[in-house]
Chemist: 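Pasting a structure below so you can have a look.
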There are 2 protein chains.
Amino acid sequence: MARGAATEEPVRQRLLTEATRLFAERGFESTSVQEIVAAAGVTKGAMYHYFASKDDLLHEIYGRVLRMQMERLTTFADASGPIAERLHAAARDVVMTTVENLDDSKVFFRSMHQLSPEVYKIVRADRRRYHERFRDLVIEGQRGGVFRGDVPAEMVVDFFFGAVHHLGTWYHPGGPLTGPEIGRHFADLLLRSLAPVG
Amino acid sequence: MARGAATEEPVRQRLLTEATRLFAERGFESTSVQEIVAAAGVTKGAMYHYFASKDDLLHEIYGRVLRMQMERLTTFADASGPIAERLHAAARDVVMTTVENLDDSKVFFRSMHQLSPEVYKIVRADRRRYHERFRDLVIEGQRGGVFRGDVPAEMVVDFFFGAVHHLGTWYHPGGPLTGPEIGRHFADLLLRSLAPVG
DNA sequence: ACAAGCATACCGACTGGTCGGTCAGGTCGG
DNA sequence: CCGACCTGACCGACCAGTCGGTATGCTTGT
């Protein structure tokens with residue numbers, strides 16, 4: 001009967017989708033479990049069947065985002081070609097991905113600190129690994145003399161991802177700029193600011 | 001006995017200070033009014049004597065930050081000297097001010113969306129005016145040919161302030177970089193990314 | 001082939017507790 | 001004795017999480 005595969009859309013998935021939407025809209029603390037299950041068309045019992053807690057639901061949302069972003073970054077970082085091009089492509093991609101999944105991004109930067117201390121640590125560690133991978137690209141360029149070396153790579157990454165995370169604050173689909181356009185501009189700004197002296 | 005002026009530190013001020021600290025630490029929704037008044041050494045009645053609501057308390061915190069930042073920006077923007085220098089000084093200053101008042105900044109970007117719709121609109125409008133003042137500096141430089149013109153000024157401002165707002169996420173006093181150092185680096189990154197072609 | 005046994009998926013009333021906000025009243029300087 | 005300042009008990013709303021129960025269908029022994 002091909003059950004669990006595709007009745008319409010599995011309950012677990014619907015819960016994640018609706019929770020993401022609501023958390024992005026009103027924040028984690030201002031969204032009740034009751035609202036989430038109502039939006040997904042189920043009851044609380046169903047939610048606590050699939051997730052250990054409201055916290056766990058948030059954690060799952062983060063896990064999904066982090067896994068996807070890390071996967072994409074690795075693809076671009078490990079490609080062949082000049083370091084400047086690889087960094088540009090990776091930077092451009094993360095902006096486009098962020099714009100395409102704006103709700104995920106909003107939840108991320110608004111509600112991360114609402115996780116329990118233990119789960120928060122795990123998420124921070126994952127995020128750190130991601131930043132380090134990105135930072136290594138900058139360092140590689142600096143070592144090769146392609147990027148200027150008089151600026152800390154770590155700080156450049158924080159600078160850039162600050163800008164990326166804040167897309168959720170000001171970007172609206174249908175605005176004057178599309179995702180790919182912003183991606184190109186952001187990547188250009190990053191690469192230019194790293195251009196070697198002289 | 002010089003009441004309302006300066007017994008030790010006025011109750012109203014203590015409430016604002018402690019509320020800022022707690023909101024920055026745990027977020028607006030996760031901080032109860034009870035915790036705030038306990039930290040300030042008073043009771044709920046005292047808080048509701050000075051503030052109309054918990055929301056109003058948050059609004060006051062924002063008002064203070066916005067007024068200060070706007071005042072400082074105006075000083076740097078209206079100074080004399082080349083546009084590049086004025087923008088550099090303004091950018092450097094906003095980073096230093098943000099680092100020096102990190103709690104204010106954390107509250108700002110974490111809890112702004114928890115305000116009531118009406119108050120939220122007011123804060124957004126104030127913030128917009130601030131961004132516009134900053135954007136006008138970029139446009140001035142572009143018109144004068146000092147900055148490259150192939151990048152939307154509005155977006156550059158969002159890019160830069162994204163990075164500034166996120167200082168609260170990663171900056172810790174006592175880390176490898178001081179506020180002024182980060183200020184200089186950030187301003188350098190901004191100015192370099194605006195350097196004209198060729 | 002069929003029933004007993006069991007796992008999965010889900011329901012919804014309920015509980016213990018927290019929260020923002022109110023209010024009647026006390027205190028004290030001018 | 002008034003009004004600004006402040007107290008602390010209290011209220012109604014709400015919330016995360018629990019629990020006893022139902023329905024369905026797969027597995028397995030015979």
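So you know, we letter chains A, B, ... as the sequences are listed, proteins then strands, and number each from 1.
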Chemist: Quick one: which of C:dC11, C:dC19, C:dC10 gets closest to the side chain of A:V11?
Modeler: C:dC10

Chemist: Which residue, B:R12 or A:E35, contacts DNA chain D at a nucleotide closer to its 5' end, judged by nearest heavy atom?
Modeler: B:R12

Chemist: Find the distance B:M47:CE to C:dG21:C1' and express it as a whole number of Å.
Modeler: 9 Å

Chemist: On the nucleotide D:dC5, are OP1 or OP2 found under 4.0 Å from the side-chain N or O atoms that B:H49 carries?
Modeler: yes

Chemist: OP1, OP2 of C:dG12 versus side-chain N and O of A:K44: anything below 4.0 Å?
Modeler: no

Chemist: In whole angstrom, what separates B:R14's CZ from D:dC5's P?
Modeler: 14 Å

Chemist: Of the nucleotides D:dT7, C:dC11, C:dG21, which one has an atom closest to the side chain of B:S53?
Modeler: C:dG21

Chemist: Quick check: do B:L87 and B:F147 have side-chain heavy atoms less than 4.5 Å from each other?
Modeler: yes

Chemist: Starting at atom OH of B:Y48, determine the distance to atom P of D:dC10, rounded to an integer number of angstrom.
Modeler: 19 Å

Chemist: A quick test of your reading: do over 12 heavy atoms of other residues, nucleotides or ligands sit less than 6.0 Å from CZ of A:R143?
Modeler: no

Chemist: Using atom CG of B:D55 as one end and atom C1' of C:dG20 as the other, report the distance to the nearest whole Å.
Modeler: 11 Å

Chemist: B:Q114 CD to C:dC19 P: how many Å, rounded?
Modeler: 15 Å

Chemist: Over all strands shown, is B:S30 touching base, sugar-phosphate only, or nothing at heavy-atom distances under 4.0 angstrom?
Modeler: nothing

Chemist: Return the value, rounded to whole Å, for the distance between atom NZ of A:K54 and atom P of D:dC14.
Modeler: 15 Å

Chemist: Report yes if at least one side-chain N or O of B:Y50 is closer than 4.0 Å to OP1 or OP2 of D:dC6; otherwise report no.
Modeler: yes

Chemist: To the nearest Å, give me how far apart CD (A:Q34) and C1' (C:dG12) are.
Modeler: 9 Å

Chemist: What is the distance from atom OG1 of A:T98 to atom CG of A:D93, rounded to the nearest 0.5 Å?
Modeler: 8.5 Å

Chemist: Checking contacts here: which listed nucleotide (C:dG20, D:dT7, D:dA16) is nearest the side-chain heavy atoms of B:V42?
Modeler: D:dT7

Chemist: Please classify the nucleic acid contact of A:T43 as base, sugar-phosphate, or nothing, using heavy-atom distances under 4.0 Å.
Modeler: base

Chemist: Is atom CZ of B:R64 surrounded by more than 12 heavy atoms (other residues, nucleotides or ligands) closer than 6.0 Å?
Modeler: yes

Chemist: Just the rounded figure in Å: distance from P of C:dG20 to CZ of B:F51.
Modeler: 15 Å

Chemist: Compute whether any side-chain donor of one residue and acceptor of the other, for B:S30 and A:Q114, lie under 3.5 angstrom apart.
Modeler: yes

